[in-house]
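Nothing here was measured: the structure is a model prediction, and the numbers come from that model.
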Amino acid sequence: MFRKLLLLLLTAGYAWVLWRMTLTPHVFTNSGQHFVATVLRFAQGHESTAWLTYDRAEFLANVAMFVPIGAIGAMWLPRRAWFVAAVLAVGLSVGIEWTQHVALPSRVADPRDVLSNGLGGILGATFIGVVRNAVPRRRPGLRTA
């Protein structure tokens with residue numbers, strides 16, 4: 001019971017984060033945009049991270065944003081159905097991009113976002129699937145001494 005309540009709270013909290021990041025007119029305030037630009041300038045000033053352009057950073061951020069979506073979805077499903085969460089994450093990404101295209105003129109719908117979000121969902125769901133299948137199931141009624 002506690003596990004389901006915790007998972008429900010985690011789902012609701014992350015749904016709010018995802019809504020805020022994808023379905024509101026503006027992601028960042030001016031200070032947020034300034035911070036991102038400063039971090040990227042700093043990264044590009046070093047040889048080992050000079051490859052980190054805005055487009056690449058955005059792609060990686062989109063992957064990272066959807067890893068919890070795949071993971072949370074896989075935790076709701078039976079052990080062997082973890083891959084369904086990956087498919088649902090891709091579907092959710094398509095829905096978000098469509099909504100941005102149709103209803104949010106200040107946002108830019110981009111097919112690359114579907115790719116990066118889908119990759120993140122697949123990574124999150126796969127991680128949970130591997131971990132859950134590696135850990136033996138607890139059977140009710142069995143106690144170890």
Supply the atom-to-atom distance [X] [atom1] to [Y] [atom2], rounded to the nearest 0.5 angstrom.
| X | Y | atom1 | atom2 | answer |
| --- | --- | --- | --- | --- |
| S116 | D110 | OG | CG | 8.0 Å |
| I96 | W19 | CD1 | CH2 | 12.5 Å |
| M75 | L10 | CE | CG | 5.5 Å |
| T24 | M21 | OG1 | CE | 8.5 Å |
| L7 | F2 | CG | CZ | 11.5 Å |

For the student: nearest non-hydrogen atoms of G73 and A85, plus distance: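 Closest heavy-atom pair between G73 and A85: C-CB, 3.5 Å.
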What I want to check is whether the side chains of T11 and W76 have a donor and an acceptor closer together than 3.5 Å.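 Side chains of T11 and W76: pair found under 3.5 Å.
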Should [X] and [Y] be regarded as members of a common hydrophobic cluster, given that ILVMFWY residues are connected when their side-chain heavy atoms come within less than 4.5 Å of each other, either directly or indirectly?
| X | Y | result |
| --- | --- | --- |
| V108 | F59 | no |
| V114 | W98 | no |
| M65 | I69 | yes |
| L6 | I72 | no |
| V90 | V84 | no |

Heavy-atom side-chain proximity of E97 to T22 below 4.5 angstrom: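 They are not in side-chain contact.
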Side chain to side chain contact (heavy atoms under 4.5 Å, CB included) between Q33 and V36: does it pass, once the steps are laid out? CA-CA 5 Å; Q33 288 174 338; V36 169; 5.8 Å; no
Side chain to side chain contact (heavy atoms under 4.5 Å, CB included) for N133 and W82? Distances and angles first, verdict last. CA-CA 10 Å; N133 286 315; W82 62 267; 4.0 Å; yes
Ignoring hydrogens and angles, tell me if any N or O in the side chain of [X] forms a donor-acceptor pair with the backbone of [Y] under 3.5 Å.
| X | Y | result |
| --- | --- | --- |
| Q44 | L52 | yes |
| S106 | P25 | yes |
| T38 | H34 | yes |
| Q100 | R107 | no |

Please list every donor-acceptor pair under 3.5 Å in which a side-chain atom of residues 118-132 meets a protein atom from a residue at least two apart or in another chain.
unit_1: T126; atom_1: OG1; unit_2: I122; atom_2: O; d: 2.7
unit_1: R132; atom_1: NH1; unit_2: A74; atom_2: O; d: 2.8
unit_1: R132; atom_1: NH1; unit_2: L77; atom_2: O; d: 2.8
unit_1: R132; atom_1: NH2; unit_2: L77; atom_2: O; d: 3.3

More than 12 heavy atoms of other residues, nucleotides or ligands under 6.0 Å from CZ of R79: yes or no?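 Yes, enclosed.
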Evaluate T53 against E58 for side chain to side chain contact (heavy atoms under 4.5 Å, CB included), listing each step before the verdict. CA-CA 9 Å; T53 64; E58 182 184 28; over 6 Å; no
Side chain to side chain contact (heavy atoms under 4.5 Å, CB included) evaluation trace for N117 with V63: CA-CA 5 Å; N117 294 344; V63 170; over 6 Å; no
Under the salt bridge (Lys or Arg N to Asp or Glu O under 4.0 Å) test, residues paired with R56 that sit two or more places apart: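 Checked R56 against salt bridge (Lys or Arg N to Asp or Glu O under 4.0 Å); zero matches.
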